[in-house]
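Naming: A, B, ... by sequence-line order, numbering from 1 per chain. Hydrogens, waters and symmetry mates play no part in the numbers below; they use all other heavy atoms, side chains included. If you're wondering where the values come from, they're calculated on a predicted model, not measured in any experiment.
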Protein chains: 2
Amino acid sequence: MKVTIKDIAAVAGVSYSTVSKALNNSPLVQEKTKRKIIKLSQEMGYKPNFAARSLVSNQTMVIGLIWPTIDRIVLSTLVTKISNEIRNTDYSMVLSVDPVETSIETFKRFQVDGIILFEENISNPIETESLPILSYGVINDARKNYPTIDPNYEEAMNKAVKYLFGLGHTKIAYISNLSSPDPMQIEKNRSFRKAMQLHGLSIKDEYIIDTEGFNFYDGYTATSKLLNLHDRPTAIVGGSYDLSSGIIRAISEKKLSIPKDISVISYDNIPEMENTEVPLTCIGVSIDQLATEIVHSMIKFVENNVISNPKQFNKKMSPVLVERESCGTPS
Amino acid sequence: MKVTIKDIAAVAGVSYSTVSKALNNSPLVQEKTKRKIIKLSQEMGYKPNFAARSLVSNQTMVIGLIWPTIDRIVLSTLVTKISNEIRNTDYSMVLSVDPVETSIETFKRFQVDGIILFEENISNPIETESLPILSYGVINDARKNYPTIDPNYEEAMNKAVKYLFGLGHTKIAYISNLSSPDPMQIEKNRSFRKAMQLHGLSIKDEYIIDTEGFNFYDGYTATSKLLNLHDRPTAIVGGSYDLSSGIIRAISEKKLSIPKDISVISYDNIPEMENTEVPLTCIGVSIDQLATEIVHSMIKFVENNVISNPKQFNKKMSPVLVERESCGTPS
DNA sequence: TTGTATGCGTTATCAT
DNA sequence: ATGATAACGCATACAA
């Protein structure tokens, strides 16, 4: 049978309310008794009853993460980081891979204290109804009444183009998933064009390539197509880590060298960028920072139980450019 | 404020125990009152309190799935299927991407009713300690004291080789991740060799290629290497769906045709096999069946609350061969 | 068929 | 500093 605080109380010869206080490290109980009780509880293998605790405290100390599209590498990295980050707090994280609406239902039944939501693959804003929801996405939709953490694609693409331009590049190509209905992808693509304009650079249609997906091979095919052009670009901006190995592979198969013949910079700032065939210069909010911000904003939001004005938790992040070995001056 | 059964009782003019019974569809309450109460509860937006319910019933109706390596496509498909399957039951599923030990801790605190575990990437058997654990893996380790659902690699590989042999192939190659420490991969690879021996076929060392990973490109590289051989095989057995697009791609780049020049059969029986460049003949337990079996065994195990003799839930599945267009007689 | 009373394990509010 | 007790929301044995 499970051991409860009453069992401990019986053995310790105190009342169970004292045990409760001791276990919660209340100052209202003597150090001596406290230590005795704690020691006893360990010996007896006491595990607090989650249901009972949340019944009385009205919170579960669990935050739910909804992840309906478990296929992109970058996202799985983010999920892992978030999971680790939450493990460092008093909260636990739990994942649902069901569709957003279903997941929210489940999480409500579960009475999680808050929900983290990726805006990838979700087009309509969600109805929150009293449960703290925080999204990772783009701050733009006035209809949303929940806060969002925004990786700031505009600044990222701007920095990328500025960097390339500074090195002397003007013939800059962009390889990304342009056919995705995903609001985050759309914003990313839009931001590239805007950055080019800002630098007074013309955008050749043939330099904008749609990968139509996020697999290695999508990046490979797109890049091969690009390199078959008579007038090749001198630099490529890649839209995602998921595409980058394919991009690099296509270049090296054409016997071109990075960065001597062609420079490559990729969106997504994750450590794995170091480990591609050529260590990639990349741009984006560091994934660790992203994870940290997401979970701490979430927790602040949850604990600031006043749910009025959720937008105060909106946050635009600062992308950084990590220089490695894939960019140089055009030849 | 939240609405409870007491609120409903007050409005309905009955006692709250009647409401409880009605909501649980007890036969001890009149159809008429039942309907009235149910209708009322919907109108009032009643949501049962999960904590209270599980406090009294001693069960959460939640089963936890541990998935520490969120990167392989096939597995994400399986996870999704399992999630869907559980959605059809009274249970909910919740995922953890933490390391196995940590996940079990979390799930225990959570008091999930059962845990599903993938044996990918786990080498030592887990200590179960009173909580129903079901694994997806290989039935072989006597130290395990929890049941496992086994995809039966031996029969799968045997059927694959038999099929190819029946078509007239004798020069059969095998492309898979041979360097993985994963017990499931090891068993799969062992099974191929055994199947070859069983059919009296010799195994040329050059025909066994290690992909050293599960990415598209791993399959591509391995196959390219294979096709550079003077004495090419007439058939290839691929070890995983994750590898198969790479295999196909490498073949078509050599201007070889499937199945005219070379036959390909791949392990993993998922519908996506239909959608590769050449629809792939494949072998394996259908992923739907797998998911169904896993969740129903899990639930049976959970509800059969006697935890003695867990091995009774061990189950070896029956892999099937799905003929599509990638295999033919050797030219 | 319906209502009353009790208990699940915990925290929190009172007394002592 | 410690103990008694109510309360959380629900299910259920028992009483009516």
Side-chain angles (χ1 to χ4, degrees), chain A residues 1-38 40-41 44-62 90 92 108-113 130 303 305, chain B residues 1-38 40-41 44-62 90 92 108-113 130 303 305:
Chain A
M1 203 38 200
K2 298 255 183 228
V3 26
T4 74
I5 52 173
K6 291 188 181 174
D7 300 322
I8 300 177
V11 177
V14 297
S15 83
Y16 66 84
S17 81
T18 303
V19 175
S20 172
K21 285 172 200 149
L23 259 23
N24 288 308
N25 198 22
S26 158
L28 291 77
V29 51
Q30 245 179 352
E31 268 309 316
K32 201 170 44 177
T33 15
K34 206 184 278 188
R35 261 197 298 279
K36 187 173 84 176
I37 291 175
I38 291 178
L40 213 51
S41 76
M44 300 176 65
Y46 167 74
K47 302 273 178 209
N49 183 305
F50 179 74
R53 180 176 290 176
S54 62
L55 179 58
V56 46
S57 69
N58 232 331
Q59 48 174 1
T60 54
M61 301 305 281
V62 172
D90 293 337
S92 298
K108 272 189 181 160
R109 280 197 32 237
F110 232 87
Q111 269 137 219
V112 299
D113 292 342
S130 81
E303 297 186 341
N305 42 27
Chain B
M1 203 38 199
K2 297 252 183 232
V3 26
T4 74
I5 54 173
K6 290 188 183 175
D7 300 323
I8 300 178
V11 178
V14 297
S15 83
Y16 65 84
S17 84
T18 304
V19 175
S20 173
K21 285 172 200 147
L23 259 22
N24 288 309
N25 199 21
S26 158
L28 291 73
V29 51
Q30 244 178 352
E31 269 309 317
K32 201 168 45 176
T33 15
K34 204 184 279 186
R35 261 198 297 280
K36 188 173 85 176
I37 290 175
I38 291 177
L40 213 49
S41 76
M44 300 176 64
Y46 167 76
K47 303 274 178 207
N49 184 306
F50 179 75
R53 179 177 291 175
S54 63
L55 179 58
V56 45
S57 68
N58 234 330
Q59 49 175 359
T60 54
M61 301 306 281
V62 173
D90 292 337
S92 298
K108 272 189 180 159
R109 281 197 31 238
F110 232 88
Q111 270 138 219
V112 299
D113 292 342
S130 82
E303 297 185 342
N305 41 27

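- Atom-to-atom, CD1 of Ile8(A) to P of dG3(D) comes out at 14 Å; the value is rounded to the nearest Å.
- To the nearest angstrom, P of dA1(D) lies 14 Å from CZ of Arg35(A).
- Contacts of Tyr46(A) classified as ring-ring contact (aromatic ring centres under 6.0 Å, His included), with partners at least two apart in sequence or in another chain: none.
- Taking atom CD of residue Gln59(B) and atom C1' of nucleotide dC10(D), one finds them 13 Å apart after rounding to whole Å.
- Residues meeting the side-chain contact (heavy atoms from CB on, under 4.5 Å) test with Phe50(B), sequence neighbours left out: Arg109(A), Phe110(A), Gln111(A), Thr60(B), Val62(B).
- Leu55(A) has its CG atom 9 Å from the P atom of dC10(D), to the nearest Å.
- Every residue two or more places apart in sequence or in another chain that forms a side-chain contact (heavy atoms from CB on, under 4.5 Å) with Arg35(B) is listed here: Glu31(B).
- Taking CD from Gln59(A) and CG from Asp113(A), the interatomic distance works out to 5.0 Å, rounded to the nearest 0.5 Å.
- If you measure from atom CD of Glu31(A) to atom P of dA1(D), you get 10 Å, rounded to the nearest angstrom.
- Taking Ser54(A) as the reference, nothing meets the side-chain hydrogen bond (donor to acceptor under 3.5 Å, both in side chains) condition, with sequence neighbours excluded.
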Going 5' to 3' through nucleotides 10-16 of chain C and flagging B where a protein heavy-atom sits under 4.0 Å of the base, S where only the sugar-phosphate is that close, and - otherwise, we get BBBB---
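- What separates CE of Met61(B) from C1' of dC10(D) is a distance of 15 Å, to the nearest Å.
- One interatomic measurement links the two molecules: CE of Met44(B) to P of dG9(D), which rounds to 13 Å at whole-angstrom precision.
- In this structure, Thr33(A) reaches the sugar-phosphate backbone alone: every heavy-atom distance under 4.0 Å involves primed, P, OP1 or OP2 atoms, never a base.
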Kindly list each side-chain donor-acceptor pair under 3.5 angstrom involving residues 19-28 of chain A, sequence neighbours excluded, with atom names and distances?
{"from": "Asn24(A)", "atom 1": "ND2", "to": "Ser20(A)", "atom 2": "O", "distance (Å)": "3.0"}
{"from": "Asn25(A)", "atom 1": "OD1", "to": "Lys34(A)", "atom 2": "NZ", "distance (Å)": "3.1"}
{"from": "Ser26(A)", "atom 1": "OG", "to": "Leu28(A)", "atom 2": "N", "distance (Å)": "3.0"}

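- Comparing the start and finish of the helix from dT1(C)-dA16(D) to dT16(C)-dA1(D), five pairs each, the helix axis swings through 50°, to the nearest 10 degrees.
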For residues 5-13 of chain B, tabulate all N or O donor-acceptor pairs below 3.5 Å that involve a side-chain atom, not counting sequence neighbours.
{"from": "Asp7(B)", "atom 1": "OD2", "to": "Thr4(B)", "atom 2": "N", "distance (Å)": "2.8"}

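- Contacts of Ser17(B) classified as side-chain hydrogen bond (donor to acceptor under 3.5 Å, both in side chains), with partners at least two apart in sequence or in another chain: Ser15(B).
- Not one side-chain nitrogen or oxygen of Thr18(A) sits closer than 4.0 Å to the OP1 or OP2 atom of dT2(D).
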